[in-house]
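Below, read A as the first sequence line, B as the second, and so on, with proteins coming before strands; counting in each chain starts at 1.
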Amino acid sequence: MSHRTEWEVRDGIGIMTINNPPENYLFEPEFVPLTQLKQWTGDPSLKGILIHGKGKHFSAGGDLKRLFEIVGSGEDLEEKLAAGHEVIYHLQGTKLPLIAAIQGVCFGGGLEIALACHIRIAAENTLFAAPESCHSLIPGMGGTFRIPGSTGMAKALQMILSGDVLNAEEAFRIHLVDEIIPRKTLFSHSLELMTRMVKNISPRIIRAVVETLENANTMTSEEAAREESRIFCQLAKEEYTRRTSENK
Amino acid sequence: MSNLQLNTIEWKVDGRIGHLIMVNEPSNTMSMEFFREMGVVKDMILKNPRLKAILIYPRGRHFSSGVDLDELLREISRHPEAEKYLQSNYASLSFLETLPIPVISVITGVCLGSALEMALFSHFRFCGETAVMGLPETTFNLIPGIGGIRRFANLAGRVNALDFVLTGRTFDARTALDLGLVDLLIPRKKLIEKALEFALWLPGNYVQEMKQVYLKRYGEGTYGIC
């Protein structure tokens, strides 16, 4: 068993557990096989995805020993990193709300997974770091652009160059996380937030909202406005058909 | 001619302040006619280089309850170029955001859906203490269609945008202030007076990026920038 990520669905919410305790090191950059992930997320009734770590830690990131083993054995590391990227892009491509419930250690690749989520909720005891530069490496799974995306360039440079460990409070201050709450209620609080957001609307509308919100980040405002109009028109036509057929 | 009396909007220029008054009482439903008339007012605004500021407010108690949903759904289903039609609605409001002069919305009573989207295109929002706001579109199987998600996220953050848009729940003036969606809470009866005072107070060389500085100086009662 080389991949250690589990999946469970509760009331339409997919719960992904990074399961390699105690530190939940990522055995491979592709921390869940893409084919497996596609199967899990292919469920059209899915309304959101919550990612957390088994036990006391979110994830300590890539396993350095394993990483250098890969390089030493002549396997193609670049290809493996690309596979890791693809997993993250696939998660984002579901256009479902992604929440990371984070506690304990959230380093390197673990941080990069958390940063791919829309909402990051951290327990008071969480520690964050991008320690790659201490090992003469750089963040390899999106950290170089997702850290500054959240914190701005100045804080991202400090964090990546120094490899310093930040506590939850500091991470909150630089906008790395959105909320800090007591460790004991981390999971239930995160699940409740997701449930509250998605319980009364259909997966179709959820995906439309998330897509529109993301477009605002990735497109010019003119493009985003055009896309918004296109999506709105589709939904309006569907709603009109539904209403007129109900009235017959 | 700088004043204009339309069916849903009254536009008048007093001194150098433009007043855009919504007069389709009681709820100022944003109909096709409203968007068409906004287009007319937009042209008048763009052609008037003497304007110093624009105030947007309702004649009655309520800012607006948003679009006429039945009409909009029918129109989009029939319209051969529905997306363009929607974009023209968008353009009749979004120009407010990029105007070089301050645009101040006075939110009172109910301000929902596209009405809140219009207010979010303004540069400043003065809010009555009893106002109620929200983007309830998802509860009708739709999404906010006039830039509301983007503006909400810019002002209140992505998390709040997701939360409030997905649930579609309404919120009060205090919450809007805490979220950063409105700038000032003011007793309802003094709203327009205060907004006008602020518009006159703002410097002639206004730049939108200095919004927070203006609000701070105004709050302190100092006139620092000219």
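The shortest distance between side-chain heavy atoms of B/V159 and A/E179 does not fall below 4.5 Å. In this structure, the side chains of A/E238 and B/N141 stay at 4.5 Å or more apart for every pair of heavy atoms.
Interatomic distance, A/I231 CD1 to B/L86 CG, rounded to the nearest 0.5 Å: 11.5 Å. Of the inter-residue distances, the one linking A/D178 atom CG with B/D163 atom CG reads 11.5 Å to the nearest 0.5 angstrom. With values rounded to the nearest 0.5 angstrom, B/L166 atom CG is found 11.0 Å from A/N200 atom CG. Between A/E222 atom CD and B/Y90 atom OH the span is 8.0 Å, to the nearest 0.5 Å. Note that CG of A/N217 is 7.0 Å distant from CZ of B/R158, once rounded to the nearest 0.5 Å.
Heavy atoms of B/F164 lying under 4.5 Å from chain A are absent altogether. For a residue to count as touching a neighbouring chain, one of its non-hydrogen atoms must lie under 4.5 Å from one of that chain's; by this rule A/L193 touches chain B with the side chain only. Interface remark: A/R204 contributes no atoms to any contact with chain B (heavy atom separation under 4.5 Å).
Per-residue heavy-atom pair counts under 4.5 Å with chain B were compared for A/R120, A/K237, A/R196, and the maximum is reached by A/R196. Ranked by non-hydrogen atom pairs under 4.5 Å with chain A, the options B/N89, B/N154, B/I146, B/T139 are led by B/I146.
Residues of residues 63-85 of chain B lying within less than 4.5 angstrom of chain A, judged on heavy atoms, are B/L69, B/D70, B/L72, B/L73, B/R74, B/I76, B/S77, B/A82, B/E83 in numerical order.
Each of A/N215, A/L213, A/V210 was scored for a side chain to side chain contact (heavy atoms under 4.5 Å, CB included) with B/I149, with one residue passing: A/L213.
Across all non-hydrogen atoms, the minimal contact from B/L142 to A/I205 is O-CG2, 3.7 Å. Contact detail for B/P144 and A/F232: the closest heavy-atom pair is C-CD1, 4.5 Å.
Sparse packing is recorded around CD of A/E169, with 12 or fewer heavy atoms of other residues, nucleotides or ligands lying under 6.0 Å away. No more than 12 heavy-atom neighbours from other residues, nucleotides or ligands sit within 6.0 angstrom of CG on A/D11. No more than 12 heavy-atom neighbours from other residues, nucleotides or ligands sit within 6.0 angstrom of NZ on A/K184.
Under the 3.5 Å distance criterion, the side-chain polar atoms of A/E228 are matched with a main-chain donor or acceptor of B/G147.
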